[in-house]
Amino acid sequence: MTITSPHLGSSSSTWTDAQLLYALEEVVEKELNRHIKVAKDWMPHEYVPWADARNFPGFFEDGEAWAKDQSKVTEIGRIALVVNLLTEDNLPSYHHEIASLFGRDGAWGTWVHRWTAEEGRHGIVMRDYLLASRAVDPDQLEQFRMAHMAEGFESDNRHSMLHSVAYVAFQELATRVSHRNTGHQSGDPVCDRMLARIATDENLHMVFYRNLLGAAFELAPDLTMQAVRDVVVNFRMPGHGMPGFERAAAQMAIGEIYNMRIHHDDVIQPVLRFLKVLDIDGLGPEGLQAQEELGLYMGGLDSEAAKFDEKLAARKARMAARAAG
């Protein structure tokens, strides 16, 4: 791959979004072809326990109202499944945003539509599983979906193509980790298997964006470093606007599905390490400052995660003592 600056002898700070999109098209095509070769089609309906399903009240005379004791999943599993599904439900907004940023033509457009189609499976299989297995209150789930989608979604990074690429490189991995840990904590092997399948997709999506971010570092290192710094320091999960998100996020943190330690160790660090972000040299003043600030932030995040670890360990000890007493 040959990468050239937009103007001979110019610095990376002169790049516009349009120029970057054009210059990265070859990388997108290469990564798209690689993705299609390794991605495996799968059928959402094959992961749903249809034999467990029965009618809900309403139009059906034999309908049975939902009750918590019908659910096979744990309490933390129910909380996380709702958060994860509501996040997936906002796919129309995500598609609109990346289609507006990346375009609908060429390799970029092919990727946008392919990604959207693959992500669509996740919402389908999760909702079908939740309803068939009666894992969560279906009325509350629909009320939450309506409230969340009616609010719409706007990314913190919609102003910049580079910021958006940087964000999804981390966010896809965060989603993978959240799904995978939810499956492990769900208490239901059927749920665990379904979420493992979804997590496999999310990991492939992360690899696509991570590799694209790596190419952006070659192309415009200073701008890309600043984008990564901004994204990491201000990172928020896409579900932050859903009803009751803060409380659910706190419960998921305690339940070790997604917390500060997981965010640092399993999401941010792996991407930074793979791309050797903190070791990139030859940066200009702004890129070097962004790199230094990123390094300081990661040190602070690790310290905060250590404090969280201590509090979580103390909480577990108290709970164990109560159980023993």
Side-chain angles (χ1 to χ4, degrees), residues 1-7 10-39 41 87-123 149 152-176 201-232 234-238 271 275:
M1 178 183 66
T2 302
I3 293 177
T4 56
S5 294
H7 305 292
S10 65
S11 72
S12 65
S13 62
T14 62
W15 287 96
T16 65
D17 272 6
Q19 290 167 335
L20 286 166
L21 285 166
Y22 179 78
L24 287 167
E25 177 98 19
E26 183 182 337
V27 182
V28 173
E29 183 174 5
K30 174 188 172 186
E31 290 301 319
L32 174 63
N33 290 335
R34 180 199 54 75
H35 176 84
I36 291 172
K37 285 181 181 178
V38 298
D41 269 345
T87 300
E88 300 285 355
D89 275 335
N90 254 337
L91 182 60
S93 290
Y94 308 149
H95 171 85
H96 172 76
E97 190 156 293
I98 66 170
S100 299
L101 279 166
F102 300 156
R104 294 173 172 83
D105 301 318
W108 281 104
T110 302
W111 167 253
V112 166
H113 296 307
R114 171 80 188 201
W115 175 87
T116 303
E118 291 184 2
E119 287 287 341
R121 286 176 174 149
H122 304 167
M149 292 192 71
F153 173 82
E154 285 189 340
S155 168
D156 298 330
N157 304 288
R158 62 189 179 279
H159 62 286
S160 158
M161 187 275 285
L162 266 184
H163 282 71
S164 295
V165 169
Y167 176 72
V168 288
F170 295 104
Q171 184 268 322
E172 292 282 4
L173 183 52
T175 305
R176 172 198 181 274
D201 279 1
E202 302 290 10
N203 197 62
L204 290 177
H205 297 163
M206 178 277 294
V207 170
F208 177 95
Y209 287 120
R210 183 196 64 192
N211 292 351
L212 189 57
L213 186 61
F217 268 114
E218 293 182 41
L219 189 68
D222 291 323
L223 287 177
T224 305
M225 186 66 73
Q226 292 171 72
V228 169
R229 185 250 342 251
D230 294 345
V231 163
V232 170
N234 300 297
F235 186 88
R236 295 196 296 175
M237 291 292 272
V271 175
L275 297 177

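Just so you know, residue 1 is the first one in the sequence shown, and it goes up from there. In what follows, every heavy atom counts, from backbone to side chain, and hydrogens, waters and symmetry copies are set aside.
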* **Listed once per pair and sorted, the side chain to side chain donor-acceptor pair (under 3.5 Å) pairs that draw on residues 101-111, sequence neighbours left out** => Trp111-Tyr209

* **Shortest non-hydrogen separation from Leu91 to Thr116 and the atoms involved** => CD2-O, 3.5 Å

* **Within-4.5 Å side-chain heavy-atom neighbours: Val27 and Asn211** => no

* Asked: Counting N and O atoms only, with roles assigned by atom type, does the side chain of Tyr167 sit under 3.5 Å from a partner on the main chain of Arg236, one being a donor and the other an acceptor?
  -> yes

* For the atom pair CG (Asp17) and CG (Leu101), what is the distance rounded to the nearest 0.5 Å? -> 7.0 Å

* Asked: Looking at Gly214 and Leu275, what are the two nearest heavy atoms and their distance?
  -> CA-CD2, 3.7 Å

* **Flag side-chain contact, heavy atom, 4.5 Å: Phe235 against Asn157** => no

* Asked: Can you tell me how far the CZ atom of Arg121 sits from the CG atom of Asp201, to the nearest 0.5 Å?
  -> 6.5 Å

* Asked: Any side-chain heavy atom of Phe102 sitting closer than 4.5 Å to one from Val28?
  -> no

* Candidates Arg210, Arg176, Glu118 - the one meeting side-chain hydrogen bond (donor to acceptor under 3.5 Å, both in side chains) with His205 -> Glu118

* Taking C-beta and beyond as the side chain, do Leu162 and Trp15 meet within less than 4.5 Å on heavy atoms? -> no

* **Side-chain heavy-atom pair Gln226, His163 within 4.5 angstrom cut-off** => no

* Asked: Is the closest side-chain donor-acceptor distance between Gln171 and Thr175 under 3.5 Å?
  -> yes

* Structure fact -> Heavy-atom closest pair (Leu204 atom, His35 atom, distance to 0.1 Å) is CB-CE1, 3.7 Å

* Taking the side chain as every heavy atom from C-beta outward, state whether Phe208 and Arg114 have any pair of such atoms under 4.5 Å apart. => no

* To do: Taking all non-hydrogen atoms of both residues into account, name the closest pair between Leu24 and Ala215 and its distance.
  => CD2-CB, 3.8 Å

* **Heavy-atom neighbours of His113 NE2 exceed 12 at 6.0 Å** => yes

* Given the rule in the side chain to side chain contact (heavy atoms under 4.5 Å, CB included) test, do Leu212 and Glu31 qualify, once you have shown the distances and angles that lead to the verdict? -> CA-CA 8 Å; Leu212 189 57; Glu31 290 301 319; 5.6 Å; no

* Asked: What distance separates His95 NE2 from Glu97 CD, expressed to the nearest 0.5 Å?
  -> 12.0 Å

* **Shortest non-hydrogen separation from Asp230 to Asn234 and the atoms involved** => O-ND2, 2.9 Å

* To do: With the side chain counted from C-beta on, respond yes when Thr87 and Met237 share a heavy-atom pair under 4.5 Å apart, and no when they do not.
  => no

* Supply the atom-to-atom distance Met161 CE to Thr16 OG1, rounded to the nearest 0.5 angstrom. => 9.0 Å

* Asked: Would you call Gln19 and Leu219 a side-chain contact if the rule is heavy atoms closer than 4.5 Å?
  -> no

* To do: Search all heavy atoms of Leu213 against all heavy atoms of Ala169 and return the closest pair with its distance.
  => CD2-CB, 4.1 Å

